[in-house]
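What follows is a set of notes on a single structure, which appears directly below.
This one's a predicted model, so the numbers in the text were calculated from it and none came from an experiment.
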Amino acid sequence: MADKSLSTIIFGRLTLDSFPIHEPILLVTFIGVVVIGLGIVAAVTRYQLWGWLWREWFTSVDHKKIGIMYIILGIIMLLRGFADALMMRAQQAVAFGANEGYLPPHHYDQIFSAHGTIMIFFVAIPLVVGLVNFVMPLQIGARDVAFPFLNNLSFWLTVAGALLVMMSLFVGEFSRAGWLNYVPVANLQNSPDTGPDYYLWALQIAGVGTTLSAINMVATIIKMRAPGMTMMQMPVFCWTAFCSNILAIAIFPVLTGAFALLMLDRYVGTNFFTNDMGGNPMMYWNLVWIWGHPEVYVLVLPAFGIFSEVTSTFTGKRLFGYSSMVYATVVITILSYLVWLHHFFTMGSGASVNSFFGIATMVISIPTGAKIFNWLFTMYRGRIRFELPMMWVVAFMLTFVVGGMTGVMLAIPPADFVLHNSLFLVAHFHNVIIGGVVFGLFAGMVYWFPKAFGFRLDPWWGKVGFWGWVIGYWVAWTPIYIVGLMGTTRRVNHFDDPSLQPWFVVAAIGAIIILIGILGFVMSIVMGIVRREQLRDTTGDPWHGRTLEWSTTSPPPPYNFAFTPIVHDLDAWYDMKQRGIRQPDRGFQPIHMPRNTGAGVILSALAGVLGFAMIWYIWWLAALAFAGLLAVAIGHTFNYNRDYFIPADEVAATESGRRLAAEA
């Protein structure tokens, strides 16, 4: 008994049974991850890259490197999240009648919860934040973001949250309460295991990172624009990033508060979201969806900005209706607060409440539709170059419009009563997220890749990725729309009606085609690296762009601009090219820059340890990690060696090398 109490003090509720030795799927996955991980560690050690990674990347406060690391994180987590999707599709394709499939319900529920959580919080958000981080400061003519250290900390907090989610695959289990960890399923009496705790701590830590990043981006746009760049002369991508991050600042604290109250319910025994002592589970749903629906626009608004930049560049025209595009973005930002209740029309709020939120949901489609017409009018009579980024724009228009129409259908409360708990709603959600956000992110990554690395992605493999995603989406989700209209319910791992099986088999084939698309994109990166000399860009402007990021070298120097650009027109770089501007070749000054620091990595590692200790009730480790957090945070405030100057002769040499490369 004494031994048991001692082990409880040391390890909390962590025991040998917490490791999935008896689960063959998890065991094989764990072995595979360990082998790959050890291989990467061995390779990095073999080529003595640890010091270089620490100095140049992990501790970097350069917004461009942090943006690239966000995107790498998003791509890695995409592979994990899509593996969950394939497992779900395979299960639903075979689990009919007497065949129970290969996933027990307990495991299936964890997979569909992890899939949604990973895809939104650790794929879509990092990819969006990564592109904004990389592009926006360049587009406004800034040398970095407003708070460079905060940028580094935000990224590593997101990594810490992602690692906790990944850890739940092999130590303990993940939440079975859906991608938003719904109560009452996530309440302590219904889920006494570690699942909801993994979810809560991972998202609390990553959510703090996202909130800090949003504050940073908004401050950068307000305070660090180049001289002459008024708000109404900013590129549309900067406007959409601005509105997206204002939304994030407003909504993420609500989610943090909701999770904190649920933590109190689970750890302390309060009753905020129970049916006892005056608690109300429905309040959790309200708080989560006050975050959840604006979050859709946090993700899709920057994608709209990407489509605007790509359309303008590849049609060789100024964006049609710039002002209306800005106003539509602002209107969407405001209206996104007024639609959250359409996620539970079925809860019995009454006709007047449902009518208000139904009308608000329909109204928000108007500025979105206006954007579609702006892009179409920009393309009208333009010299369209159907390069890969522009192909993504056209695919988006054809796909996203269908998602918008089904969204308007679901905004009608009586129709929603019929469709809400069906797979039709799941198909609609994936329609707008894949057709809007994912297609936009791929367009942005292809478009700005040569700016980040100095060479383009391999175009053939890029098109394999494009067609895999586009064809795969329609094959995978059209059957789900159909079975949803037939009344098939969502969140189900086994079906009794065998007549539904062909639809799910087709959907599984569609998922495999999407896998080809993902692998095609990865191969476009690999082959781009292999063929980088043939795909090299020495001009800094491979697409004949119109905004300031294309005025720098590819990749840009650490300081971005040797001289702060002065803006006279909306498409600043196009205007400069029309005026025949020449880059200065003399008069360089030392440039003040922020210095790298390891404090963000250390703070985030301690936050991850704190989360793991709290999940497993290892109280002594949690106390140590919390004390360490305070000590490192306070210690960092006494670090006065935070900046340095790049000498003028080094700037001159960099700029001279750039001119020679461009002339060659």
Side-chain angles (χ1 to χ4, degrees), residues 36 39-40 43-44 46-49 52-53 56-57 62 64-65 67-79 82 127 130-131 134-135 138 306 309-310 313-314 384-395 438-472 513-545 549-558 654 657-664:
I36 293 169
I40 293 170
V44 173
R46 167 72 177 79
Y47 293 103
Q48 300 179 340
L49 296 176
W52 174 76
L53 286 171
E56 297 296 325
W57 288 91
D62 184 341
K64 299 179 290 297
K65 290 183 176 179
I68 291 167
M69 289 193 292
Y70 265 117
I71 291 169
I72 292 170
L73 172 67
I75 293 171
I76 291 169
M77 296 304 287
L78 171 65
L79 299 175
F82 194 75
L127 290 177
L131 284 173
F134 184 90
V135 176
L138 289 167
I306 293 167
E309 301 294 335
V310 171
T313 296
F314 289 97
I384 302 173
R385 291 175 286 140
F386 278 106
E387 302 268 5
L388 190 54
M390 194 65 196
M391 291 169 63
W392 283 111
V393 173
V394 176
V438 175
F439 285 9
L441 291 170
F442 279 119
M445 286 188 282
V446 174
Y447 181 55
W448 282 301
F449 188 90
K451 177 52 57 181
F453 296 103
F455 58 91
R456 302 188 198 194
L457 290 170
D458 184 86
W460 191 86
W461 280 106
K463 287 175 183 174
V464 170
F466 169 81
W467 288 112
W469 267 102
V470 174
I471 296 170
I513 299 172
I514 292 176
L515 176 62
I516 294 169
I518 293 173
L519 296 177
F521 176 72
V522 173
M523 282 301 297
S524 74
I525 298 173
V526 173
M527 293 308 297
I529 294 169
V530 171
R531 299 181 56 228
R532 60 186 176 277
E533 290 308 319
Q534 297 102 296
L535 298 167
R536 178 77 61 194
D537 165 46
T538 57
T539 65
D541 187 12
W543 309 118
H544 307 295
E549 74 270 28
W550 303 110
S551 68
T552 66
T553 52
S554 298
T654 303
R658 166 200 176 163
R659 282 193 303 277
L660 291 172
E663 289 165 5

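Under the 4.5 Å side-chain criterion, counting only non-hydrogen atoms from C-beta, Asp458 is in contact with Arg531. Put simply, the side chain of Trp550 does not reach to within 4.5 Å of the side chain of Leu138, judged on heavy atoms. Within the 4.5 Å cutoff, side-chain heavy atoms of Ile384 are placed close to those of Met390. Counting heavy atoms from C-beta outward, Leu388 and Lys463 have side chains that approach closer than 4.5 Å. By the 4.5 Å heavy-atom criterion applied to side chains, Phe134 and Ile71 are not counted as neighbours.
Surrounding CD of Gln534 are more than 12 heavy atoms belonging to other residues, nucleotides or ligands, all under 6.0 Å away. Heavy-atom contacts from other residues, nucleotides or ligands closer than 6.0 Å to CH2 of Trp467 number 12 or fewer.
Atoms CG and CZ, on Leu457 and Phe521 in that order, are 6.0 Å from each other to the nearest 0.5 Å. One distance of note links CD1 of Ile75 with CG of Leu127; it measures 6.5 Å at 0.5 Å rounding. Annotation: the span from Asp62 atom CG to Met69 atom CE amounts to 9.0 Å, rounded to 0.5 Å. For the atom pair NZ (Lys451) and NZ (Lys64), the distance works out to 10.5 Å, reported to the nearest 0.5 Å. Here the straight-line distance linking atom CD1 of Ile529 with atom CG of Leu535 works out to 11.0 Å at 0.5 Å rounding. The CD atom of Glu549 sits 9.0 Å away from atom CG of Asp541, with the distance rounded to the nearest 0.5 Å.
Between Tyr447 and Trp543, the two ring planes are parallel [angle under 30°; tilted spans 30° to 60°]. Aromatic ring pairs are classed by plane angle as parallel below 30°, tilted from 30° to 60° and perpendicular above 60°; the pair Trp392 and Phe442 is parallel.
The side-chain hydrogen bond (donor to acceptor under 3.5 Å, both in side chains) check on Glu533 picks up Arg536, with sequence neighbours excluded.
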Problem - Evaluation steps, side chain to side chain contact (heavy atoms under 4.5 Å, CB included), between Phe439 and Phe466 - result: CA-CA 9 Å; Phe439 285 9; Phe466 169 81; over 6 Å; no
Handout entry: Derivation of the side chain to side chain contact (heavy atoms under 4.5 Å, CB included) call for Phe453 and Ile68
Key = CA-CA 10 Å; Phe453 296 103; Ile68 291 167; 3.8 Å; yes
Exercise for the section: Might you work through the side chain to side chain contact (heavy atoms under 4.5 Å, CB included) test for Glu309 and Ile306, ending with a clear yes or no? Expected result: CA-CA 5 Å; Glu309 301 294 335; Ile306 293 167; 5.9 Å; no
Practice task
Check step by step if side chain to side chain contact (heavy atoms under 4.5 Å, CB included) holds for Trp461 and Val526.
Solution key: CA-CA 9 Å; Trp461 280 106; Val526 173; over 6 Å; no
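Here the closest non-hydrogen pair linking His544 and Arg385 is CD2-NH1, 4.1 Å. Across every non-hydrogen atom of Ser554 and Pro450, the tightest pair is CB-O, 3.2 Å. Contact detail for Ala395 and Val470: the closest heavy-atom pair is CB-CG2, 3.7 Å. Asp537 and Gly540 make their closest contact through OD2-N, 3.2 Å (heavy atoms, listed as atom of the first residue, atom of the second, distance). What you find for Gly462 and Ser524 is that their closest heavy atoms are N-CB, 3.6 Å.
Ring-centre distance between Phe449 and Phe455: below the 6.0 Å cut-off.
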